[in-house]
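Report on one structure; see the data block that follows.
Being a predicted model, the structure only gives us computed values, none of them experimental. Below, chain A is the first sequence line, B the second, and so on; all start at residue 1.
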There are 2 protein chains.
Amino acid sequence: MFKNYIENANFEDTGFSYTLSLIRGKYKMVILYCLMEFNIVRYNELKRYIKTISHKTLAVSLKELEKDSLIIRKEYPQISPKVEYSLSDRGKSLMEILDRLCVWGEIHKNDMK
Amino acid sequence: MFKNYIENANFEDTGFSYTLSLIRGKYKMVILYCLMEFNIVRYNELKRYIKTISHKTLAVSLKELEKDSLIIRKEYPQISPKVEYSLSDRGKSLMEILDRLCVWGEIHKNDMK
DNA sequence: CTGTATCCTCCCCGATACTG
DNA sequence: CAGTATCGGGGAGGATACAG
């Protein structure tokens, strides 16, 4: 399959490029993992879990993940506002594969003496 | 397993973070795919396959991939120089998983109407 | 509580020229 | 052929302040 990409010299259109574009960003994977682990999480909970993330990055990342249909945003119109995030089915199916990358890293990160 | 990371608030040390650090970079995955597809490839062949990559990026990426033991660099000392690159066993085991990301992308990139 | 808006910094990558 | 060196632009992300 990939050979076709090479012959067409069109790497930008590969499935892999597409997948990477969804999870590019310093914290997107961390957000997805948090949602996988805790199922339903509020904005401020995410902010507390991921101590080093800035407000801006968290907000932008969540918006993009939602636009890409990897996560679901549920808003409760009340004072003060409450918003819950969770994985979509699409997001869950992606996480099955990404989790294998996590495991691979665990196994191999001490390979090198 | 991931829950431990969250409780330790130490996302930088996750296996996934480690894995991503290996393949971060605009063209690293493309290089790995080329090596997977063609087995043994010379420097200039890579440059030709990946039309849009610059010399600097190709050189730097190859050096990092080699340092991380994902690829093997074999140099033939002669005039003019000849260098062949190929996947290491470690690289091949990673590619098995990355290839699944490629397939996921192929299947899902047209999900959204 | 859940965001936006602005400014600013750093670093990835491209373009280009040079070398053994 | 297979690199290395240097310069520079652009975009991702941080700090901070403000809003509904």
- Task: Evaluate the side-chain contact (heavy atoms from CB on, under 4.5 Å) criterion for residues B:Leu35 and B:Ser86: first the C-alpha distance (whole Å), next the side-chain angles of each, then the deciding distance (0.1 Å), finally the verdict.
- Result: CA-CA 6 Å; B:Leu35 296 183; B:Ser86 57; 5.6 Å; no
- What is the distance from OH of A:Tyr27 to C1' of D:dG14, rounded to the nearest Å? 9 Å
- For B:Ile107, what residues pass the side chain to side chain contact (heavy atoms under 4.5 Å, CB included) criterion, not counting sequence neighbours? B:Val103
- Note on the structure: Nearest heavy-atom approach of A:Tyr33 to A:Leu98 is OH-O, 3.2 Å
- Quick one: which of A:Glu84, A:Arg73, A:Lys82, A:His55 gives a side chain to side chain donor-acceptor pair (under 3.5 Å) with A:Tyr43? A:His55
- Write out all pairs satisfying salt bridge (Lys or Arg N to Asp or Glu O under 4.0 Å) with one or both partners inside residues 58-71 of chain A, taking only residues at least two apart or from two chains. A:Lys28-A:Glu64
- Message: Taking only side-chain N and O atoms of B:Arg42, does any of them lie within less than 4.0 angstrom of OP1 or OP2 on D:dA2?
- Response: yes
- Task: Quickly work out the A:Lys47 NZ to D:dT16 P distance and round it to whole Å.
- Result: 12 Å
- Item | Gap between atom CD of A:Glu45 and atom CD1 of A:Ile40 - 0.5 Å precision | 10.0 Å
- Item | pair A:Arg90-A:Leu22: side-chain heavy atoms closer than 4.5 Å | yes
- Message: With the threshold set at under 4.0 Å for non-hydrogen atoms, list the residues of residues 71-88 of chain B touching DNA chain C in residue-number order.
- Response: B:Pro81
- In whole Å, what is the span from the NZ atom of B:Lys26 to the P atom of C:dC12? 14 Å
- Message: Using whole Å, what does the distance between atom P of nucleotide D:dA2 and atom OH of B:Tyr49 come to?
- Response: 13 Å
- Message: Report for the helix from C:dC1-D:dG20 to C:dG20-D:dC1: angle between first-end and last-end helix axes, five pairs each, rounded to 10 degrees.
- Response: 40°
- To the nearest angstrom, how far is B:Ile53 atom CD1 from C:dC12 atom P? 15 Å
- Message: On the nucleotide C:dG14, are OP1 or OP2 found under 4.0 Å from the side-chain N or O atoms that B:Thr57 carries?
- Response: yes
- Could you state the atom-to-atom distance from CG of A:Leu65 to P of C:dG3 in whole Å? 13 Å
- Message: Per the ring pair (Phe, Tyr, Trp, His ring centres under 6.0 Å) rule, what does the pair list look like for residues 78-106 of chain A, sequence neighbours excluded?
- Response: A:Trp104-A:His108
- Message: If you apply the rule side-chain contact (heavy atoms from CB on, under 4.5 Å), what do you find for B:Leu101 with A:Leu94, and how did you get there?
- Response: CA-CA 8 Å; B:Leu101 278 186; A:Leu94 179 58; 3.9 Å; yes
- Message: Using whole Å, what does the distance between atom P of nucleotide D:dA12 and atom CZ of A:Arg24 come to?
- Response: 9 Å
- Task: In whole angstrom, give the distance that lies between atom CG of A:Leu58 and atom C1' of D:dA15.
- Result: 15 Å
- A:Asn39 versus A:Leu87: any side-chain heavy-atom pair under 4.5 Å? no
- Message: Strictly under 4.0 angstrom, non-hydrogen atoms only: write out the protein contact profile of nucleotides 4-10 of chain C, one letter per nucleotide from the 5' end, B, S or -.
- Response: B-BB---
- Query: Is any side-chain heavy atom of B:Met36 less than 4.5 Å from a side-chain heavy atom of B:Glu96?
  - Reply: no
